[in-house]
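The block underneath contains the structure these notes are about, expressed in structure tokens.
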Amino acid sequence: MPTWRELLAASRLPRLEAQVLAARGAGVKRSWLLAHEADAVGPEAALEVSALHARRLAGEPIAYILGEREFFGLELAVSPDVLIPRPETELLVELARAHLPEGGRLLDMGTGSGAIAVAIAHMRADARVWACDVSPAALATARLNAARHAPGVHLLASDLFAALPGERFEVIASNPPYVASGDPHLSEGDLRFEPEIALVAGPDGMAVIRRIAADARQHLNPGGVLAFEHGHDQGAASQALLVTLGYDSINDYNDLSNIPRVCVGRWKG
Ligand code: GLN
């Protein structure tokens with residue numbers, strides 16, 4: 001039997017990925033693995049680890065293999081039914097939180113894993129946080145994350161605002177699908193494995209953003225704020241859309257990579 005050092009060195013994966021998956025396969029912490037690199041690998045662990053390494057080599061995202069991803073310092077459950085939470089979405093969380101008044105109501109439209117709603121509710125015990133999604137499978141994952149980190153989040157099944165007649169909020173936050181249907185990135189990397197419904201929105205990627213921005217006007221209290229994530233080349237179009245729809249105090253914000261990422265507008269009511 002090889003040692004852990006030999007097994008890891010033989011992997012074609014990046015070092016960290018090989019270690020993380022080996023630790024999962026062996027049922028140990030990565031720190032244990034690193035401290036025991038000279039130990040022989042047991043036959044069962046070797047089988048488990050090579051199966052996980054093979055999945056990753058076939059392109060499956062690490063987050064789906066592990067069933068979890070950290071977001072805003074919280075360990076979130078993820079499944080192939082939800083988009084993998086991304087660091088750039090933390091900007092949306094920050095902006096939505098900053099615009100939410102004490103005791104205010106916030107809606108996370110198209111919550112997926114629940115990442116946005118759960119992160120905000122976790123930080124803001126005063127807030128009344130709602131989250132909806134059209135996908136029952138996504139809601140099941142969101143429920144797990146809410147139960148673990150923010151049990152007060154009110155989750156419901158809704159096709160955009162269809163199940164929310166008469167409900168109004170101080171903030172509506174959304175990371176909607178915004179990739180254009182022909183975008184070549186869809187056949188690269190993690191996107192190949194993520195749900196199309198969470199990624200793709202028509203020929204220019206703006207179809208769902210348009211519907212959310214239009215309909216949100218009936219669901220924001222006067223002075224309420226819509227904040228949504230968009231693609232790297234959709235900042236100007238997003239701002240123009242909000243102007244056309246009658247929002248004011250419109251701003252677009254760059255993410256940590258300095259890419260236009262989140263558009264915010266105020267509904268005067
Ligand atoms: N940020 C994702 C990507 O392009 C897309 C997420 C989304 O459509 N909401 O990789």
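The first residue of the sequence shown is numbered 1, and numbering continues consecutively from there. Just follow the structure's listing: the first ligand is 1, and inside any ligand the first atom is 1.
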Any idea which atoms of ligand 1 are less than 4.0 Å away from a heavy-atom of Asn175? 7 (C), 9 (N)
Starting from atom 1 (N) of ligand 1, locate the nearest protein heavy atom and write down its residue, its atom name and how far away it is, to 0.1 Å. Tyr178 OH, 2.8 Å
Against ligand 1, does Ala198 come closer than 4.0 Å with any heavy atom? yes
Show me which atoms of ligand 1 lie under 4.0 Å from any heavy atom of Leu191. 10 (O)
Side-chain donor-acceptor pair present, Glu37, Thr3, cut-off under 3.5 Å: no
Short version for Leu83: what comes under 4.0 Å of ligand 1, heavy atoms counted, is side chain
Enumerate the atoms of ligand 1 whose separation from the nearest heavy atom of Pro177 is less than 4.0 angstrom. 8 (O)
Do the side chain of Asn145 and the main chain of Ala77 share a donor and acceptor less than 3.5 angstrom apart? yes
Using the ring pair (Phe, Tyr, Trp, His ring centres under 6.0 Å) rule, collect all pairs that involve residues 190-232, keeping only residues at least two apart or in two chains. Phe161-His219
Charged N to carboxylate O under 4.0 angstrom, Asp204 versus Arg210? yes
In this structure, does ligand 1 have an atom that sits under 4.0 Å from one of the heavy atoms of His185? no
Taking only Lys NZ, Arg NE, NH1 and NH2, and the carboxylate oxygens of Asp or Glu, determine whether Glu194 and Arg86 approach each other closer than 4.0 Å. yes
Could you tell me which non-hydrogen atom of Leu156 sits nearest to which non-hydrogen atom of Ala163, and how far apart they are? CD1-O, 4.0 Å
Return the residue, atom name and 0.1 Å-rounded distance of the protein heavy atom closest to atom 4 (O) of ligand 1. Val179 CG2, 4.0 Å
Which of the ligand 1 atoms, numbered from 1, are nearer than 4.0 Å to a heavy atom of Leu199: 5 (C), 8 (O)
So the atoms of ligand 1 within less than 4.0 Å of a heavy atom of Glu88 turn out to be 1 (N)
Among all protein heavy atoms, pick out the one at the shortest distance from atom 2 (C) of ligand 1; state its residue, atom name and that distance to 0.1 Å. Arg86 NE, 3.4 Å
Sub-3.5 Å N/O-N/O distance, Pro176 and ligand 1: yes
Looking at Arg105 and Glu170, is any side-chain nitrogen of the basic one under 4.0 Å from a carboxylate oxygen of the acidic one? no
NZ/NE/NH1/NH2 to OD/OE distance under 4.0 Å, Glu60 and Arg192: no
